[in-house]
Amino acid sequence: MSDLKARIQGVRDTFNEALGHVEGLNALEELKNRYLGRKRGIVKELLTDLRSVPKELRPELGQAVNRLKQAVETALAEKFEALKSGEANSREGGIDLTLPGIAPELGALHPLNVVNRDLIRIFERMGYEVAGASEIETDFYNFEALGISKDHPARDMQDTFYISDDVVLRTHTSNVQIHLMENRKPPFKAIMPGRVYRKDADITHSPMFHQVEGLVVGEHVTFTDLKGTLEHFLKKLFGTQTKMRLRPSFFPFTEPSAEVDVSCIMCGGKGCRVCKNSGWLEILGAGMVDPVVFGNVGYDPETVSGFAFGLGVERVAMLKYGISDIRMFFDNDLRFLSQFN
Ligand code: DAH
């Protein structure tokens with residue numbers, strides 16, 4: 001039966017072809033089973049079919065199948081060795097420790113966290129402790145105790161998120177001042193970072209943003225102390241070339257109060273688009289703690305004095321990194337965030 005003879009040759013050809021495509025040990029094992037498997041292996045099938053061949057042809061064809069079987073076994077064994085030695089480089093298995101690895105992408109601190117951390121560090125080195133309080137706050141701590149009366153415009157429904165008549169999402173970190181003073185005796189110095197909320201949303205305002213509050217109370221704390229502290233802080237933050245200027249201002253919880261400007265960090269004070277050609281950037285609010293506030297927390301305004309300040313973290317980060325849209329901080333777009341590695 002030359003039919004079987006042709007099949008033997010055909011099997012040889014397809015085997016060789018298939019072997020050429022094998023790239024890994026798993027595929028080789030699979031090929032081996034397909035051809036030499038005890039039950040349904042292709043070679044086994046040929047041997048079975050041999051039984052139905054006329055007797056006189058059997059020896060020759062039998063030898064041919066055996067030669068095929070041996071050839072297949074040898075080829076598989078050789079391929080196995082080849083794959084084993086080159087296994088490390090094969091796609092299907094093994095590890096080559098000498099190959100360059102795939103570096104996992106590293107995470108980075110969020111730019112707001114970087115700035116927040118920097119701000120806190122500067123004050124910690126001046127001996128400030130870090131304090132905090134709830135973001136959900138009563139009217140008393142967020143407003144009343146800070147001298148913000150019921151009819152103060154800061155309470156406007158348009159600015160404040162009210163949870164109930166008496167409970168708000170804090171509109172600033174100044175609430176922490178009150179909690180701190182209620183629980184502590186002077187003297188102390190504290191820095192108070194945290195999230196605050198206002199109904200305000202545009203390119204430079206976010207309904208949730210971050211502030212850092214500062215408070216120093218003691219017996220002879222003066223406006224000069226405030227000035228020196230802020231000047232040191234701003235030079236640490238923006239560089240030693242930074243200049244500071246104070247402008248008279250008003251806050252319900254400080255008297256006197258000041259807006260604090262820094263020389264423009266973009267143009268160094270010459271005037272540019274960022275500082276609207278003024279050479280100055282408004283960076284924080286500050287003042288001497290109002291004696292009324294001391295009275296509200298049970299301190300004696302006759303013996304205790306202090307200063308306070310507050311600044312927005314997003315504003316500092318936008319200036320520092322030249323970011324013009326505050327929403328970028330909260331979009332969680334990796335193309336943005338990965339630049340702060
Ligand atoms: N709480 C003020 C605000 O959110 C910022 C501020 C100004 C805080 C002056 C202070 C301060 O402690 O003395 O706009």
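First listed ligand is number 1; within each ligand, the first listed atom is number 1. FYI, side chains are in, hydrogens and waters are out, and symmetry mates aren't considered; it's all heavy atoms of this structure. Fair warning: this is a prediction, and the values are worked out from it, not measured in the lab.
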Side chain of S206, backbone of M208: donor and acceptor closer than 3.5 Å?
-> yes
State whether a side-chain donor-acceptor pair under 3.5 Å links E314 with H210.
-> yes
Please list, by chain and number, the protein residues whose heavy atoms come under 4.0 Å of ligand 1.
-> H172, S174, Q177, R198, Q211, E213, F251, F253, T254, G285, A286, G287, A308, F309, G310
Would you confirm whether R170, through its side chain, and R195, through its main-chain N or O, come within 3.5 Å as a donor-acceptor pair?
-> yes
Taking the six-membered ring of F188, is the NZ or CZ of R184 close enough (under 6.0 Å from the centre) and on axis enough (within 45°)?
-> yes
Show the numbers, then the answer: is there a side-chain hydrogen bond (donor to acceptor under 3.5 Å, both in side chains) between E182 and Y141?
-> CA-CA 11 Å; E182 276 185 344; Y141 287 97; 2.7 Å; yes
Mark yes or no for whether T240, through its side chain, and K236, through its backbone, hold a donor-acceptor pair below 3.5 Å.
-> no
